[in-house]
Amino acid sequence: MAKIQAIRGMNDVLPDQTSAWQYLEKVMRELLSAYAYQEIRFPILEQTQLFKRSIGEVTDIVEKEMYTFEDRNGDSLSLRPEGTACCVRAAEQHGLLYNQTQKLWYMGPMYRHERPQKGRYRQFYQMGVEAFGMPGIDIEAEILMLSRDLWERLGIADVLTLEINNLGTAEDRIRYGEALREYLKQHEAALDEDSRRRLDKNVLRILDSKVPATQALLADAPQMPDHISPQSAAGFAALLDILDAASIEYVVNNRLVRGLDYYNGMVFEWTTDKLGAQSAVCSGGRYDGLSRQLGGTDTPGVGFALGMERMILLLEELGRLPADTGRTVDVYIAVIGEGVRRQALMLGQEIRSQLPGLRVLTHCGGGKYNSQLKKAFASGARVAVILEGDGELAEIKLRILDDDGETTSLSPASLCGWLSEYFG
């Protein structure tokens with residue numbers, strides 16, 4: 001009988017990998033708490049219309065990548081391909097947006113049926129930040145400062161570049177779209193198939209094409225800044241002034257439009273040249289019309305999301321994970337002789353109770369001393385506590401698990417004091 005294996009592109013995260021995930025999650029949670037953002041959680045399944053109305057029907061995500069099916073009631077459901085639309089839906093449904101401001105964050109799996117490759121999977125994890133009810137550039141600046149602070153805490157700020165653009169108002173986008181369409185119509189035969197299909201339905205998405213011939217045509221196309229209203233341009237300039245004051249370096253990329261239709265005004269990506277073709281690790285922007293687009297109240301919104309697999313891959317590639325990230329055991333309790341198994345279990349409980357910060361692994365299942373010692377070394381523990389005997393326990397032995405192999409003896413009553421001092 002053939003073994004059942006995981007679905008292609010939906011990867012298991014094994015025990016020797018989870019410590020890196022836990023480190024990243026811990027850093028993110030602490031930073032978001034410092035900025036007073038609150039966590040929100042929502043389902044992985046949503047009505048398909050949520051994503052068609054928010055992301056846009058003429059996008060790669062909706063046309064090619066969503067996991068969509070009909071349930072037993074005949075309703076069309078989709079696994080969430082991103083989190084912003086879900087967050088807006090949840091906040092609107094539960095009355096969090098009306099005459100309120102909200103700073104929210106979420107973390108969890110998203111789903112897109114695309115070609116699996118290093119750092120990109122069909123089930124992938126995102127952390128997202130969304131701020132509602134706040135127009136103006138101050139919240140935009142805070143979002144960018146928050147993301148920059150995250151890179152600094154992770155020690156990767158030196159390899160990330162902020163690319164930023166101004167899409168203007170909805171009217172600005174329409175005006176620019178008309179000018180871009182008029183130009184590209186003159187060169188329609190030279191466009192790739194996807195771009196020709198988008199010419200009438202979603203012309204701005206052509207700016208995001210990766211086809212070299214299409215990119216060459218765009219070199220002489222109308223430029224977005226020439227079609228932005230003076231008020232929107234002034235707001236964007238003021239945002240850049242704040243970034244300058246905060247010492248956040250950036251590159252204005254006039255072709256940056258993002259792959260989702262709901263953005264307006266400021267959009268951005270943090271990119272790196274350390275991950276090959278997958279350069280973007282964090283993306284976001286303003287989406288003031290999304291709540292209304294989904295049938296809710298007219299609410300300003302701005303946020304970003306980052307791919308956690310890519311972040312971990314980047315940390316590993318650069319060697320920026322803390323040295324003890326993979327350590328899961330501090331103290332390994334070895335047991336020699338049947339008579340002290342019970343004492344070993346009780347001793348493990350006492351250590352955990354008196355020194356709750358320590359990670360204690362009690363050996364179970366028997367085995368010779370040398371075998372247990374090998375397992376102690378393999379566990380990554382710094383100290384082995386060795387219990388030996390057939391009856392009452394008078395003393396225990398401690399072995400420092402380093403090259404010197406220093407061993408000492410002491411009474412069970414003094415063990416916790418010794419461990420407290422050793423581990424600081």
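Values reported hereafter were calculated over all heavy atoms of this structure, with side chains retained and with hydrogens, waters and symmetry mates removed.
- Every residue was checked against the ring pair (Phe, Tyr, Trp, His ring centres under 6.0 Å) condition with Tyr250, not counting sequence neighbours, and none meets it.
- In the model, Tyr111 has no side-chain atom that pairs as donor or acceptor with a side-chain atom of Glu65 under 3.5 Å.
- The closest side-chain donor-acceptor pair between Asp273 and Ser279, if any, does not fall under 3.5 angstrom.
- A donor and an acceptor atom, one from each side chain of Gln102 and Gln100, are located under 3.5 Å apart.
- Using modelled atom types, no side-chain atom of Asn254 and backbone atom of Met224 make a donor-acceptor pair closer than 3.5 Å.
- Side-chain contact check for Arg255 and Gln215: at least one donor-acceptor pair (N or O, by modelled atom type) lies under 3.5 Å.
- Judged by distance alone, with hydrogens and angles left aside, the side-chain atoms of Asp71 form no donor-acceptor pair with the main-chain N or O of Ser76 at under 3.5 Å.
- Within the structure, no pair that satisfies the salt bridge (charged side-chain N to carboxylate O under 4.0 Å, His left out) test touches residues 226-240, not counting sequence neighbours.
- A salt bridge links Glu63 to Arg197: at least one charged side-chain nitrogen sits closer than 4.0 Å to a carboxylate oxygen.
- In this structure a side-chain-to-backbone donor-acceptor pair under 3.5 Å is missing from Arg310 to Val281.
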Distance-only check: which donor-acceptor pairs under 3.5 Å involve side-chain atoms of residues 11-18, not counting sequence neighbours?
{"residue": "Gln17", "atom": "OE1", "partner": "Leu14", "partner atom": "N", "Å": "2.7"}
{"residue": "Thr18", "atom": "OG1", "partner": "Pro15", "partner atom": "O", "Å": "3.0"}

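- Minimum heavy-atom separation, Tyr106 to Gly83: OH-C, 3.4 Å.
- When all heavy atoms are compared, the tightest approach of Ser283 to Ala280 is OG-CB, 4.2 Å.
- The ring-ring contact (aromatic ring centres under 6.0 Å, His included) pairs that include a residue from residues 164-186 are Tyr176-His227, Tyr183-His187, where partners are two or more places apart or lie in different chains.
- For Ser229 and Gln231, the side-chain atoms include no donor-acceptor pair closer than 3.5 Å.
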**Report entry** Audit row: Glu171, Arg175, salt bridge (Lys or Arg N to Asp or Glu O under 4.0 Å) steps and yes/no
**Finding:** CA-CA 6 Å; Glu171 293 76 14; Arg175 184 164 53 250; over 6 Å; no
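- For residues 131-141, every residue pair satisfying the salt bridge (charged side-chain N to carboxylate O under 4.0 Å, His left out) rule, not counting sequence neighbours, is listed here: Glu140-Arg286.
- One finds the CD1 atom of Ile351 at 4.5 Å from the CG atom of Leu415 (value rounded to the nearest 0.5 Å).
- A distance-only check finds no donor-acceptor pair linking the side chain of Ser291 to the backbone of Asp298 [under 3.5 Å].
- Remark: side-chain polar atoms of Asn253 are not paired, donor with acceptor, to backbone N or O of Ile164 under 3.5 angstrom.
- In summary, the side chains of Trp270 and Ser147 do present a donor paired with an acceptor at a separation below 3.5 Å, with no hydrogens or angles considered.
- In summary, the side chains of Arg53 and Gln49 do not present any donor paired with an acceptor at a separation below 3.5 Å, with no hydrogens or angles considered.
- A donor-acceptor contact shorter than 3.5 Å is absent between the side chain of Glu130 and the backbone of Ala85.
- Of the possible donor and acceptor atoms, none in the side chain of Ser78 sits under 3.5 Å from a partner among the backbone N and O of Arg80.
- Taking CG from Leu79 and OG1 from Thr68, the interatomic distance works out to 8.0 Å, rounded to the nearest 0.5 Å.
- No side-chain donor-acceptor contact under 3.5 Å links Arg122 to the backbone of Arg112.
- Phe69 meets the ring pair (Phe, Tyr, Trp, His ring centres under 6.0 Å) test with no other residue; sequence neighbours excluded.
- To the nearest 0.5 Å, atom CG of residue Asp220 and atom CD of residue Gln223 are 9.0 Å apart.
- The pair Asp330-Arg382 fails the salt-bridge criterion, with no side-chain N (NZ, NE, NH1 or NH2) lying under 4.0 Å from an Asp/Glu carboxylate O.
- Rounded to the nearest 0.5 angstrom, Trp151 CH2 and Leu31 CG are separated by 10.0 Å.
- Remark: the backbone N or O of Leu50 is paired with a side-chain donor or acceptor of Ser54 at under 3.5 angstrom.
- Here Phe304 pairs with nothing under the ring pair (Phe, Tyr, Trp, His ring centres under 6.0 Å) rule; sequence neighbours left out.
- Using a distance-only test at 3.5 Å, with no hydrogens or angles considered, no donor-acceptor pair links the side chain of Gln126 to the main chain of Met107.
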Which donor-acceptor pairs under 3.5 Å do the side chains of residues 19-29 make with protein atoms, sequence neighbours left out?
{"residue": "Ser19", "atom": "OG", "partner": "Thr325", "partner atom": "O", "Å": "3.0"}
{"residue": "Lys26", "atom": "NZ", "partner": "Glu30", "partner atom": "OE2", "Å": "2.8"}

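- For Phe124, the ring pair (Phe, Tyr, Trp, His ring centres under 6.0 Å) criterion is met by no residue, not counting sequence neighbours.
- Every residue two or more places apart in sequence or in another chain was checked for a salt bridge (Lys or Arg N to Asp or Glu O under 4.0 Å) with Lys374, and none qualifies.
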Expected list for residues 35-43: side-chain donor-acceptor pairs under 3.5 angstrom, two or more places apart:
{"residue": "Tyr35", "atom": "OH", "partner": "Asp149", "partner atom": "OD2", "Å": "2.5"}
{"residue": "Tyr37", "atom": "OH", "partner": "Glu142", "partner atom": "OE1", "Å": "3.2"}
{"residue": "Glu39", "atom": "OE2", "partner": "Arg41", "partner atom": "NE", "Å": "2.9"}
{"residue": "Glu39", "atom": "OE2", "partner": "Arg41", "partner atom": "NH2", "Å": "3.3"}

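- Ion pairing between Arg120 and Glu114 holds under the 4.0 Å rule for side-chain N and carboxylate O.
- In summary, Lys64 and Asp194 engage in a salt bridge, as defined by a charged side-chain N under 4.0 Å from a carboxylate O.
- By the side chain to side chain contact (heavy atoms under 4.5 Å, CB included) test, Ala381 is found to be paired with Val329, Tyr332, Ser379, Leu401, residues two or more places apart in sequence or in another chain being considered.
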